[in-house]
Amino acid sequence: MRILVIEDNRDILVNVLDYLQLKGYIVDCAQDGLSGLHLAVTEQYDLIVLDIMLPGVDGYQVCKRLREDAGRDTPIIMLTARDALDDRLRGLNAGADDYLIKPFALSELVARIEAILRRSQGSRTRLLQVGDLSLDVDTLQATRGGRALKLNPIGLKLLEILMRRSPAVVRRDTLEEALWGENLPESDSLRSHIHQLRQVLDKPFAKPLLHTIHSVGYRLSERSDAV
């Protein structure tokens with residue numbers, strides 16, 4: 001599961017990041033509203049932890065723009081030091097799914113995240129889509145142009161990561177860590193698995209989707225020039 005944390009207080013941010021990572025979540029972060037909004041729109045997240053009092057664009061506006069302008073239904077937990085009922089209602093009316101008042105226990109934050117994810121997984125589609133490429137993350141069935149793709153377990157894991165991050169570039173070290181953790185193979189196994197994935201994903205089709213960004217990583221996108 002991938003979570004975005006938007007929080008300008010560095011101490012709170014570091015504590016939340018460390019705790020969520022210990023719980024097995026993949027976590028990205030931003031320390032201002034505009035950067036957080038950009039990440040939330042251009043990347044795929046399972047949930048967003050959003051502080052209200054942010055420099056530039058505040059949490060209310062980030063939430064409202066995500067819901068109304070970007071059409072994103074990503075679950076949002078708002079963080080705030082304000083305990084007034086009007087403030088809580090304003091956050092919920094802006095599109096937040098839950099509201100947590102500072103200071104809070106990290107264990108409570110995780111409990112709320114898990115509760116929201118359980119609810120959202122039951123109601124949201126589990127189908128990832130990039131162009132004519134689809135991946136059902138429950139059945140692990142991948143298709144392109146209606147044609148079933150036969151991928152090994154590592155190929156499926158690579159494909160899911162790249163599709164969730166599309167059209168962003170995924171760094172090589174991020175992919176290697178997701179596949180092997182700290183036990184990295186001695187040889188350049190990632191390159192071999194990317195090659196195998198490309199043979200199944202792109203070779204039979206006219207338009208390539210998997211692009212190599214030299215010295216950086218890989219990107220899954222319909223546009224070869226989109227970064």
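Given the structure is predicted, the values throughout are model-derived calculations rather than measurements. Excluded from the calculations below are hydrogen atoms, water molecules and symmetry mates; all remaining heavy atoms, backbone and side chain alike, are included.
More than 12 heavy atoms of other residues, nucleotides or ligands sit less than 6.0 Å from atom CD of Gln129. Other residues, nucleotides and ligands contribute only 12 or fewer heavy atoms inside 6.0 Å of the CG atom of Leu34.
In this structure, the side chains of Val49 and Val27 stay at 4.5 Å or more apart for every pair of heavy atoms. You'll find the side chain of Asp51 stays beyond 4.5 Å of the side chain of Asn9, heavy atoms only. Residues Tyr60 and Thr80 are not in side-chain contact: their nearest non-hydrogen atoms beyond the backbone lie 4.5 Å or more apart. Looking at heavy atoms from C-beta onward, Arg171 lies in side-chain contact with Val216 at the 4.5 angstrom threshold. A 4.5 Å side-chain heavy-atom check between Leu149 and Leu133 finds at least one atom pair inside the cut-off. A heavy-atom distance below 4.5 Å is not found between the side chains of Ile48 and Val62. You'll find the side chain of His193 reaches within 4.5 Å of the side chain of Gln196, heavy atoms only. Side chains of Leu158 and Tyr218 form no contact here, defined as non-hydrogen atoms less than 4.5 Å apart.
Between Ile77 atom CD1 and Asp98 atom CG the span is 5.5 Å, to the nearest 0.5 Å. How far CD of Gln141 is from CG of Leu156: 9.0 Å, rounded to the nearest 0.5 Å. Interatomic distance, Ile161 CD1 to Glu177 CD, rounded to the nearest 0.5 Å: 10.0 Å.
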Check: Given the rule in the salt bridge (Lys or Arg N to Asp or Glu O under 4.0 Å) test, do Arg144 and Asp132 qualify, once you have shown the distances and angles that lead to the verdict?
Finding: CA-CA 5 Å; Arg144 183 169 181 191; Asp132 62 348; 2.9 Å; yes
Notebook entry, point to check: Stepwise, does the side-chain contact (heavy atoms from CB on, under 4.5 Å) test hold for Lys150 with Val200?
Noted result: CA-CA 7 Å; Lys150 294 182 179 180; Val200 177; 5.6 Å; no
Note to self: Evaluate Glu114 against Lys23 for salt bridge (Lys or Arg N to Asp or Glu O under 4.0 Å), listing each step before the verdict.
What the structure shows: CA-CA 11 Å; Glu114 291 174 348; Lys23 293 296 182 179; over 6 Å; no
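Tracing side-chain contacts under 4.5 Å through hydrophobic residues (I, L, V, M, F, W, Y), one reaches Trp180 starting from Val170; they form part of the same cluster. Follow the hydrophobic side-chain contacts under 4.5 Å out from Tyr25 and you reach Leu100 in the same cluster. When hydrophobic clusters are built by joining Ile, Leu, Val, Met, Phe, Trp and Tyr residues whose side-chain heavy atoms come closer than 4.5 Å, directly or via intermediates, Leu140 is grouped together with Leu151. Criterion: ILVMFWY side-chain heavy atoms under 4.5 Å apart, direct or through other members. Under it, Leu79 and Leu92 are not part of a common hydrophobic cluster. The hydrophobic clustering, which links ILVMFWY residues whose side-chain heavy atoms are closer than 4.5 Å, places Phe205 and Val130 together.
Residues Asp8 and Leu54 approach most closely at N-CD2, 3.8 Å, considering heavy atoms. Pairing each heavy atom of Gln44 with each of Arg2, the nearest pair is O-NH1, 3.1 Å.
In terms of modelled atom types and a separation under 3.5 Å, the side chain of Ser35 and the main chain of Ala30 share no donor-acceptor contact. Side-chain atoms of Asp58 do not come within 3.5 Å of backbone N or O of Ile52 as any donor-acceptor pair. With hydrogens and angles ignored, the 3.5 Å screen pairs no side-chain donor or acceptor of Arg172 with any backbone N or O of Arg191.
Put simply, the residue from Leu50, Val41, Thr74, Asp73 that forms a side chain to side chain contact (heavy atoms under 4.5 Å, CB included) with Leu66 is Val41.
Donor-acceptor pairing under 3.5 Å is recorded for the side chains of Thr212 and Arg198.
Looking at Asp97 and Arg67, a side-chain N of the basic residue comes within less than 4.0 Å of a carboxylate O on the acidic one, giving a salt bridge.
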